[in-house]
J.: 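Following this message is one structure expressed as structure tokens.
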Amino acid sequence: MARIVVVGSINMDLVTQASRFAGPGETILGERFLTVPGGKGANQAVAAARLGAEVALVGATGGDAFGRQLRLGLAAEGIDLAHAVQLDDCASGTASITIAGGENQIIVVPAANARVTPAQVENARPLIERADAVLVQMEIPLETVEATLRLGHRLGVPVILNPAPAQQLPTEWLQLARYVTPNQHELALLLGADPAEDFRALMQRAPCPVVLTRGGEGAWYREQGEPHHQPGFKVDVVDSTGAGDTFNAALAVFLAEGLPTAVRKACAAAALSVTRLGAQGGMPRRSEVEALLARPAA
Ligand code: RIB
């Protein structure tokens, strides 16, 4: 069983489904509203746990009702919350999400996530030392992202940096990660490049190993200097929220099987994740991923 440590955000997602997105200053009627657990860190932790990994989450929730609900949900997935602190003087992170036509728009208010500290990462060192992989994203303070990258690198434990939401980072940080997993837009932001630049050229210029996600088109990665494409799996898209998180979690869980296999399984897991509503709603079990991989090509 893979041992995974996730350092990242825990949010309550406030999801509205509508036939289209509202424009600036416009009010439209939506079709459905629901409150579901999310946050990139929590999502990756849940996806890894459902794929059979032993998972610990380093993060923070507030002292509000959302925080209590989020912790109960994570504990029910079997996730170790010993290093996910509860901050009673603070609200839990939220994400206001609108879904229309299979696309989403998200506004995150970090709240407690803005207080995840490098000290928490250091306290989790005994878990990180024995982990097969560490996952970290960018909805927590950058100093904590840096501390995670440095500790993983020092201990020789692979850290997967999912640079979302993206911003430019020092080259040195990128080189501390075993893999960086942006989409095309995030890769351009990371490198301070033009988002219109061809993604293959961007990957070539990146100062670190990149696994680039391309939504329904699958993923690209470099192996022995050569670019490789793993095509996506065809599914009916209900909600793409959390697909990237599922991809990253599967990549970490299956990393020991080699990059090509891990990327293939990650694409399959991500495809399954978009077939149900809510970031965590469609995250598959290991058996579902295996069933999709065994399915004859259409
Ligand atoms: O990656 C999807 C997640 O991004 C959502 O669950 C939301 O909470 C935001 O953090």
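Atoms within each ligand, like the ligands themselves, are counted from 1 in listed order.
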J.: Are T241 and N104 close enough, and set up right, to give a side-chain hydrogen bond (donor to acceptor under 3.5 Å, both in side chains), and what steps lead you there?
T.: CA-CA 7 Å; T241 315; N104 61 38; 3.0 Å; yes

J.: By the ring pair (Phe, Tyr, Trp, His ring centres under 6.0 Å) test, which pairs, at least two apart or in different chains, include something from residues 150-181?
T.: none

J.: With sequence neighbours left out, which residue pairs that include part of residues 225-273 fulfil the ring pair (Phe, Tyr, Trp, His ring centres under 6.0 Å) condition?
T.: W220-H229, Y221-H228

J.: Not counting sequence neighbours, list each pair that qualifies as a ring pair (Phe, Tyr, Trp, His ring centres under 6.0 Å) and has a residue in residues 48-83.
T.: none

J.: Tell me, yes or no, whether the heavy-atom count around E129 atom CD, taken from other residues, nucleotides or ligands under 6.0 Å, exceeds 12.
T.: yes

J.: For ligand 1, what is the set of protein residues having any non-hydrogen atom at a distance below 4.0 Å?
T.: N11, D13, G38, G39, K40, N43, A95, V108, E139, T241, G242, D245, A279

J.: Got a donor-acceptor contact below 3.5 angstrom from the N11 side chain to the D13 backbone?
T.: no

